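To start, the structure under review is shown below, and the notes come after it.
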Amino acid sequence: MTFILDPAEPTESPLLAGLNPRQREAVEYRGQALLIVAGAGSGKTSVLTRRVASLIETQEAWPSQILAITFTNKAAAEMRERVEALLGQAAQGMWISTFHSACVRILRREAEYFGYGKNFTIYDSADSRALIKRIIKQLEADAFGFTVGQVAGKISKLKNELSDVESYARGANFNDPQERIFLEIFREYSRSLRAANAFDFDDLIGQTVYLFRAFPQVAALYQRRFRHILVDEYQDTNHAQYALIRELTRSPQTDLLEGATGFDGSVLKDPTRPLDPASLTVVGDSDQSIYAFRGADIRNIVEFERDYVGAKVVLLEQNYRSTQNILSAANAVIGNNFDRIDKKLFTTVGDGEKITGFTGYSQHDEAQFIADEITELHRQGVEYRDIAVFYRTNAQTRALEEIFIRSALPYRVLGGTKFYERAEIKDAFGYLIAVANPDDPMALRRIMNVPKRGIGGVTEATLQNWADREGVTLREAMRHADEMGFGPKITAAVLGLVAILDEVSLVADTAPVPEILIALLEKTGFVEALRATGNPQDEARAENVEELVAQTREYRVRNPEGTLLEFLTETSLVAAADELDDSSGTVSLMTLHTAKGLEYEAVFLTGVEEGLLPHQMSASEPGGPAEERRLFYVGITRARRRLYLSLAMTRAQFGEVNVAMPSRYLQEIPPELIDWRQSPGMANSRGGTQPRALNARRGGFGVEPSLGAGYAGSVGPGATALARAARAAQPKTEWASKVTNTVRDNGDLTLAAGDRIRHVDFGDGKVTAVTGVGPKSVAEVQFESAGRKRLLIKISPIEKL
DNA sequence: CGAGGCGTAATTTTT
DNA sequence: TTACGCCTCG
């Protein structure tokens with residue numbers, strides 16, 4: 001295929017098919033720097049992939065000269081697929097990954113330049129916190145009011161700004177004891193990480209920048225290799241990430257490259273040929289900047305034109321995702337943020353349906369509405385996988401999950417308490433890490449007494465002291481356990497453990513991961529010990545460990561050459577959104593932060609209340625409410641056709657019930673765009689004057705008709721018509737106000753169509769159908785006053801009449 | 001050393 | 001409400 005590059009004769013590359021003029025410009029522009037300001041849903045992924053494909057297709061670049069940074073691993077995989085589909089061939093050697101993955105790759109290759117081993121461990125936040133906790137205790141810094149969270153936050157912030165212990169010390173005020181102690185903690189933390197041959201999340205970026213700055217010949221190698229750098233979600237980059245890109249887009253000092261070897265190990269050809277700096281394309285939208293709390297600096301995008309003089313800016317405002325009603329709401333909300341470049345999303349697909357609003361009496365009530373609405377959407381033909389429920393905090397999942405389980409809705413929670421955060425899984429990982437990186441004492445401490453070997457705190461401290469005195473690692477100290485005066489039982493336990501670890505360590509670089517894990521589990525009797533307790537929870541834990549074994553097998557299949565180190569890297573860098581499985585037929589539940597970059601046919605945005613959105617904690621932070629508004633904006637713009645905004649009048653927190661107020665952001669949406677099934681006013685006047693009558697109702701009776709009718713009339717004049725309309729549309733639906741918290745078990749209660757049952761919340765009803773088998777069987781019930789529901793027979797609060 | 005009991009603190013958001 | 005940490009007892 002040949003291309004005529006004469007602009008006078010426009011050619012139709014298939015890569016440009018279906019793009020609007022702005023998008024084309026973003027694909028075709030060639031120059032040092034390009035900023036694509038891409039509003040939500042403006043097709044930026046498409047533009048980005050086509051831009052990469054076009055660079056390769058025109059032979060302006062080899063795939064290996066391209067570095068594309070995305071926000072999640074999933075986005076990276078998707079982008080690779082789409083580029084390859086556009087080109088009709090595999091694009092070998094292209095780096096498409098997250099900042100963190102790219103940096104790990106560089107660090108593994110270059111670690112030895114600055115005194116780390118290739119086999120370094122990556123500490124996740126929990127590991128960092130555990131280490132900090134230990135240091136605080138050791139330095140008795142808790143007496144100065146230091147908490148783990150504070151210290152971890154401060155260290156992370158400093159690292160994101162590329163400060164290290166020395167630079168912080170230079171600016172520190174040593175008269176302030178707080179600051180002196182903090183410095184001591186910071187110093188000890190950094191020292192421990194180095195001694196453990198470990199990096200924390202922030203180090204991955206920061207240390208790569210340090211590597212480039214300290215070793216220009218290393219930087220030159222990457223500057224020479226990457227000729228085109230593309231960064232997605234640029235508005236959420238922090239200073240360290242900005243600096244990394246800055247380093248990569250400098251002109252390579254080619255004289256440093258003479259005699260250097262390239263990435264395939266061969267001597268570089270023509271290394272001293274002068275090169276321009278790599279071209280840089282960044283894509284972002286300052287209205288979607290939601291990560292200021294982890295150091296994202298909106299100035300990176302706002303000042304892009306100043307940083308890269310002569311940069312071209314392309315604005316994408318046409319939205320291809322949502323209906324006009326949804327966009328109008330989004331525009332109205334974000335318009336309240338001052339100090340922004342005005343940008344109005346528009347579409348040509350038409351108004352679409354109105355936004356649906358609902359105010360529940362409690363979070364359970366709200367959840368019930370969502371479950372019922374999802375059931376209805378599904379009945380109308382919307383797939384579960386095209387529906388998502390968003391919330392501000394992970395704690396909000398509880399009520400939702402409870403109701404979803406009861407309603408037999410298939411769902412999946414992204415992020416939250418992850419599989420990898422379970423204690424037994426972390427223990428198993430402790431073994432793997434101990435084998436991969438013998439210098440890491442954190443992993444060792446974690447597994448020292450798992451399963452129980454009689455090695456307690458005293459033994460551990462003795463070992464650690466011995467190690468410190470001899471200047472060796474904890475692992476080495478364990479090999480000398482017979483020199484420390486332990487009893488025979490403990491000596492044998494320590495020596496036995498270290499022998500297992502040393503033995504398996506020998507094959508850590510070569511053996512398949514499942515084999516390594518199984519060897520460790522068998523030799524230590526970990527799973528066996530869990531099974532032996534007879535405790536059903538331990539049985540579940542044993543199953544989780546088995547599940548991990550299965551996952552390593554899957555990894556092996558996916559990645560036949562994959563080493564233990566690569567497996568550990570991959571698992572430490574999974575993002576919440578990476579867990580998404582497009583082929584699963586489930587509703588997705590996630591936080592608003594996780595939702596960034598995703599889109600769904602129908603979106604439920606829950607807990608739109610003061611204190612939650614905006615969150616209480618953001619109120620005192622400068623720029624907090626504005627960032628929360630952007631978060632709300634991100635949530636709204638995820639929806640293609642249907643958007644639901646819901647809130648609750650009361651929300652239980654720490655077991656206490658608090659009154660909630662509608663979010664200030666709700667008022668920013670023009671009222672005519674929202675169709676309130678139950679507005680805050682309606683819920684308030686009813687719930688406020690007669691709360692107990694409704695909330696306390698138990699047993700088989702529906703809401704008395706007189707109550708409902710009476711209150712519909714007493715709502716304010718403006719709301720009356722709406723209230724009546726809502727009532728007319730759903731004459732029989734009354735939402736349960738509260739659901740009992742205890743998990744019931746109806747044993748092997750069986751129901752059949754035609755049976756009459758009584759539900760604690762919904763009253764009496766008739767079973768219309770039963771589907772599924774055993775504990776998963778679901779009854780479809782037509783209630784007299786609560787409408788049609790699907791119930792999981794085994795656990796629903798029901799009795800047969 | 002380890003299990004069990006009691007008291008208090010915690011919930012923003014994440015790679 | 002839960003989870004973790006600290007304390008005491010076996």
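Reminder, nothing fancy here: chain letters follow the sequence lines and each chain counts from 1. Predicted model only: the values in this text are computed from it and were never measured.
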Respond yes when some side-chain nitrogen or oxygen of [X] is under 4.0 Å from OP1 or OP2 of [N], and no when none is.
{"X": "A:Asn449", "N": "B:dG2", "value": "yes"}
{"X": "A:Ser572", "N": "B:dT15", "value": "no"}
{"X": "A:Thr594", "N": "B:dT13", "value": "no"}
{"X": "A:Asn394", "N": "B:dT14", "value": "yes"}

Base, sugar-phosphate or nothing for [X]? Non-hydrogen atoms, less than 4.0 Å.
{"X": "A:Tyr291", "value": "sugar-phosphate"}
{"X": "A:Lys489", "value": "nothing"}
{"X": "A:Asp124", "value": "nothing"}
{"X": "A:Ser125", "value": "base"}

Out of [options], whichever nucleotide has its closest atom nearest the side chain of [X]:
{"X": "A:Gln653", "options": "B:dT11, B:dT14, C:dC6", "result": "B:dT11"}
{"X": "A:Arg294", "options": "B:dT15, B:dT13, C:dC4", "result": "B:dT15"}
{"X": "A:Lys452", "options": "B:dA3, B:dT14, B:dT11", "result": "B:dA3"}

>> For A:Phe390 together with A:Tyr644, are the ring centres under 6.0 Å from each other?
In response: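 Judged by ring-centre distance (under 6.0 Å), A:Tyr644 and A:Phe390 do not meet the cut-off.
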> Is A:Glu233 salt-bridged to A:Lys44, cutoff N-O under 4.0 Å?
Replying inline: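 So A:Glu233 pairs with A:Lys44 through a salt bridge.
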>> So that I can tick it off, tell me whether A:Glu528 and A:Arg531 are bridged by a salt bridge, with the cut-off set at under 4.0 angstrom between side-chain N and carboxylate O.
In response: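 Between A:Glu528 and A:Arg531 there is no salt bridge, as every charged N stays at least 4.0 Å from the carboxylate O atoms.
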Whole Å only: how far is the [atom1] atom of [X] from the [atom2] atom of [N]?
{"X": "A:Asn658", "N": "C:dT1", "atom1": "CG", "atom2": "P", "result": "14 Å"}
{"X": "A:Lys596", "N": "B:dT13", "atom1": "NZ", "atom2": "P", "result": "16 Å"}
{"X": "A:Arg129", "N": "C:dC4", "atom1": "CZ", "atom2": "P", "result": "12 Å"}
{"X": "A:Phe390", "N": "B:dT12", "atom1": "CZ", "atom2": "P", "result": "22 Å"}
{"X": "A:Gln241", "N": "B:dT15", "atom1": "CD", "atom2": "C1'", "result": "9 Å"}
{"X": "A:Arg392", "N": "B:dT14", "atom1": "CZ", "atom2": "P", "result": "8 Å"}
{"X": "A:Arg422", "N": "C:dA3", "atom1": "CZ", "atom2": "P", "result": "12 Å"}
{"X": "A:Lys157", "N": "B:dT14", "atom1": "NZ", "atom2": "P", "result": "19 Å"}

> Is A:Arg629 close enough and on-axis enough to A:Phe632, meaning under 6.0 Å and within 45°, for cation-pi?
Replying inline: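 So A:Arg629 doesn't make the cation-pi contact.
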> Is A:Arg108 positioned over the aromatic face of A:Phe120, cation under 6.0 angstrom from the ring centre and no more than 45 degrees off axis?
Replying inline: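 Cation-pi check for A:Arg108 and A:Phe120: passes.
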> Which atom names give the shortest non-hydrogen contact between A:Lys159 and A:Ala240, and what distance separates them?
Replying inline: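 That would be O-CB, 4.3 Å.
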>> For B:dT12, is there a stacking contact with A:His615, counting only centres under 5.5 Å and planes under 30°?
In response: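 Base of B:dT12: stacked against A:His615.
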> Do A:Phe201 and the base of B:dT14 stack face to face, with centres under 5.5 Å apart and an angle between planes under 30°?
Replying inline: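 No, aromatic ring not over the base.
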>> Nearest heavy atom decides the nucleotide; on that basis, is A:Met617 or A:Asp202 closer to the 5' end of DNA chain B?
In response: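 It is A:Met617 whose nearest nucleotide is closer to the 5' end.
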>> For A:Thr147 and A:Phe293, find the nucleotide of DNA chain B closest to each by heavy atoms; which residue's nucleotide sits nearer the 5' end?
In response: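 Residue closer to the 5' terminus by nearest nucleotide: A:Thr147.
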